[in-house]
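All remarks here apply to the structure that follows.
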2 protein chains.
Amino acid sequence: MENVRELFHTMTKRLGLLDRNCCTVGGMELSLVQSHILYEIDRMNEPSMQQVADAIAMDITTFSRQIQTLMKMNLVKKTPYPQDRRVYILSLTPEGKYVTAKIDAEVNEYLAEVFSHMSEFERETVLRSIRLLNECMAKSTVCCKPLF
Amino acid sequence: MENVRELFHTMTKRLGLLDRNCCTVGGMELSLVQSHILYEIDRMNEPSMQQVADAIAMDITTFSRQIQTLMKMNLVKKTPYPQDRRVYILSLTPEGKYVTAKIDAEVNEYLAEVFSHMSEFERETVLRSIRLLNECMAKSTVCCKPLF
DNA sequence: CTCCTTTATTTGCAATATGCAAATATTTAT
DNA sequence: ATAAATATTTGCATATTGCAAATAAAGGAG
């Protein structure tokens, strides 16, 4: 299996840097954590606090405070959920949507640049490989917990 | 390019969880950051503080304090460098080597389990893909800075 | 040799993030 | 009606972060 861990370590390190570089939108500076929260809220369907915290594998109390910050920044909205009044539904404000879309565009642009160094065939292979890897990690019983 | 970012996001999230699960050795609990510092020191050849901090893309002042902590935990040793007395060379103590090897073994075991859900051919393809991806990220001019 | 600039590392400090325990509010089960 | 479970927030103590400044040593210009 040679240096498998090193391969993965290098990859995640670089992808992490890429992510970090995409946390500035206009004048606004987001932390990596905040960027991930916005990403998950955008992706999930009317999620509750708990659901998003679970998805990010973040302690709910820390998460609660991050949401307070994001609300002060006018990026996130909390709506009481009528069917269960303990629950709040999270959503992005228009500004939050704008910021999230901007980050998404920038990440994709960076990724496109990375892929521009490959042939069409290589690109397809790499993407298929990552898809397969994700499936196998989902199947894995031993690692990558907590699952989402 | 479909959902390329989502693919990468899922992968890094899961690999991050895998990494986090590997931070407990015996009774000792390491943070993810500390685990990465040990990993880099182990890998680099007689590195200075600054070199490791750069490799991890971490602010040198934060790094300096993390090293202080790791020294208190008796995992890391700082040796003055005779040729340039501003510099300290970092190395792992025997205990640090043990912990680092233990983490490495656990990560590799987890990765092996993930790859056990693939055929030999798929595994080779995935590893080759990641190698290629790393090369392309290294070539990239626009992202993944600061480089290492 | 002396002065100035650069580099490596550490400390002061203030802001932020973290997570456990406990509080609160609400729902579900008995 | 009461008890147990769930969702969210707050108290608190600790840890992490990064900028600015301090310290120490090296290298270069004259």
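Below, chains carry the letters A, B, ... as their sequence lines are ordered, and counting in each starts from 1.
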Would you mind reading off the distance between [X] atom [atom1] and [N] atom [atom2], rounded to a whole angstrom?
X       : N      : atom1 : atom2 : value
A:Asp54 : D:dA7  : CG    : P     : 8 Å
A:Met49 : C:dT24 : CE    : P     : 18 Å
A:Ile67 : D:dT9  : CD1   : C1'   : 13 Å
A:His36 : C:dT18 : NE2   : P     : 12 Å
B:Leu32 : C:dT18 : CG    : C1'   : 14 Å
B:Ile60 : D:dT17 : CD1   : P     : 13 Å
B:Asp59 : C:dA17 : CG    : C1'   : 16 Å
A:Tyr88 : C:dT24 : OH    : P     : 16 Å

*Between NZ on residue A:Lys78 and OG on residue A:Ser64, distance to nearest 0.5 Å*: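 Rounded to the nearest 0.5 Å, the NZ-OG separation comes to 6.0 Å.
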*Is any side-chain N or O of A:Ser64 closer than 4.0 Å to OP1 or OP2 of D:dT9?*
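Yes.
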Sort me out a list of protein N/O and nucleotides 27-30 of chain C N/O pairs below 3.5 Å, or just none if empty.
{"residue": "C:dT27", "atom": "OP1", "partner": "A:Arg85", "partner atom": "N", "Å": "3.1"}

Can [X] and [Y] be counted as an ion pair, charged N to O under 4.0 angstrom?
X        : Y        : answer
A:Lys139 : B:Glu113 : no
A:Lys97  : A:Asp42  : no
B:Arg128 : A:Glu122 : no

*Under a 4.5 Å cut-off applied to non-hydrogen side-chain atoms, are A:Asp84 and A:Tyr81 in contact?*
yes
*Under a 4.5 Å cut-off applied to non-hydrogen side-chain atoms, are A:Met118 and B:Leu133 in contact?*
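They are in side-chain contact.
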*Would you call the rings of A:Tyr39 and B:His9 parallel, tilted or perpendicular if under 30° counts as parallel and over 60° as perpendicular?*
tilted
*Which of these passes side chain to side chain donor-acceptor pair (under 3.5 Å) with A:Thr24: A:Glu29, A:Glu106, A:Lys102?*
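For A:Thr24, the side chain to side chain donor-acceptor pair (under 3.5 Å) check succeeds only for A:Glu29.
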*Which residue lies toward the 5' end of DNA chain D, A:Gln68 or A:Arg20, if each is placed at its nearest nucleotide?*
A:Gln68
*Of all the nucleotides listed (D:dC19, D:dT9, C:dA8), which has the minimum atom distance to the side chain of B:Val87?*
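The nucleotide sitting nearest to the side chain is C:dA8.
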*Using the ring pair (Phe, Tyr, Trp, His ring centres under 6.0 Å) rule, collect all pairs that involve residues 40-70 of chain B, keeping only residues at least two apart or in two chains.*
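Found none.
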Pick out the pairs of N or O atoms, protein on one side and nucleotides 13-16 of chain D on the other, that lie under 3.5 Å.
none

